[in-house]
Amino acid sequence: MNYDYHIFCCVNERVGGERTSCKKRDSHLFRNYIKQKVKDNNIKNVRVNQSGCLDKCEAGPVIVIYPQGIWYKCESFKDADDIVNSLKTGDMIQRLLIKN
């Protein structure tokens with residue numbers, strides 16, 4: 001199946017080291033929330049998956065949407081709501097964009 005949006009939510013948990021990880025910032029909760037909101041809003045042709053490290057840890061929690069190649073930070077459920085709403089409108093959320 002071809003998806004209009006394929007959303008990857010980093011849920012990587014890094015143990016030790018100097019870098020933080022998305023899971024330590026509750027990314028798994030945002031991933032589950034986004035998945036449920038997509039379903040509740042009956043948004044078709046969207047797949048929400050967890051991913052390993054996307055290597056933008058300091059900007060995270062990190063979400064990337066393909067095939068558009070949009071990289072977002074998602075730090076709250078409000079951010080997650082805005083991301084889900086953007087799937088309906090097709091608009092990018094400038095305040096959440098991670099610069100590559």
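Positions are given from 1 along the sequence.
- No side-chain heavy atom of Lys23 sits under 4.5 Å from any side-chain heavy atom of Asn12.
- With sequence neighbours left out, the salt bridge (Lys or Arg N to Asp or Glu O under 4.0 Å) criterion links Lys88 to no other residue.
- Closest of all the heavy-atom pairs between Tyr5 and Gln68 is CE2-NE2, 3.5 Å.
- Between the side chains of Asp79 and Tyr72, not a single donor N or O lies within less than 3.5 Å of an accepting N or O.
- Met92 and Val38 fall within a single hydrophobic cluster, where Ile, Leu, Val, Met, Phe, Trp and Tyr side chains are chained together by heavy-atom contacts under 4.5 Å.
- Asp26 pairs by the salt bridge (Lys or Arg N to Asp or Glu O under 4.0 Å) definition with nothing, not counting sequence neighbours.
- In terms of heavy atoms, Ser51 sits closest to Phe8 at CB-CB, 4.1 Å.
- A 4.5 Å side-chain heavy-atom check between Asn2 and Asn45 finds every atom pair outside the cut-off.
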### Message
Pair Arg19, Asp55 - check salt bridge (Lys or Arg N to Asp or Glu O under 4.0 Å), show working.
### Response
CA-CA 10 Å; Arg19 294 179 82 186; Asp55 202 29; 2.8 Å; yes

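- A donor-acceptor distance shorter than 3.5 angstrom exists from the side chain of Lys24 to the backbone of Arg14, with no hydrogens or angles considered.
- Taking all atoms of both residues into account, the shortest heavy-atom contact from Val62 to Cys22 is N-SG, 3.4 Å.
- Looking only at distances, no side-chain donor or acceptor of Arg47 sits under 3.5 Å from a matching main-chain atom of Ile7.
- Side-chain atoms of Cys9 and Gln50, non-hydrogen and from C-beta on, never get closer than 4.5 Å to each other.
- The CG atom of Leu87 lies 12.5 Å from the NZ atom of Lys37; values are rounded to the nearest 0.5 Å.
- We find the NZ-CZ distance between Lys73 and Arg95 to be 8.0 Å, quoted to the nearest 0.5 Å.
- No chain of hydrophobic side-chain contacts below 4.5 Å, direct or via other Ile, Leu, Val, Met, Phe, Trp or Tyr residues, connects Trp71 to Val84.
- Proximity of Ile34 to Ile63: side-chain heavy atoms (C-beta onward) are separated by under 4.5 Å at one or more points.
- To the nearest 0.5 Å, atom CD of residue Glu13 and atom SG of residue Cys53 are 12.5 Å apart.
- By the 4.5 Å heavy-atom criterion applied to side chains, Val46 and Asp4 are not counted as neighbours.
- Ring pair His6/Tyr3 is perpendicular by interplanar angle, where above 60° counts as perpendicular and below 30° as parallel.
- For the pair Phe77 and Leu29, the minimum side-chain heavy-atom distance is below 4.5 Å.
- Within the 3.5 Å criterion, the main-chain N or O of Cys10 finds a donor-acceptor partner in the side chain of Ser27.
- Side-chain contact annotation: Asn42 with Lys44, donor-acceptor N/O pair under 3.5 Å present.
- By the 4.5 Å heavy-atom criterion applied to side chains, Glu75 and Pro61 are counted as neighbours.
- The two atoms that bring Lys99 and Lys56 nearest to each other are O-NZ, 4.5 Å, heavy atoms only.
- Proximity of Ile83 to Ile65: side-chain heavy atoms (C-beta onward) are separated by under 4.5 Å at one or more points.
- Taken from CG in Asn41 to NZ in Lys39, the straight-line distance is 12.5 Å, to the nearest 0.5 Å.
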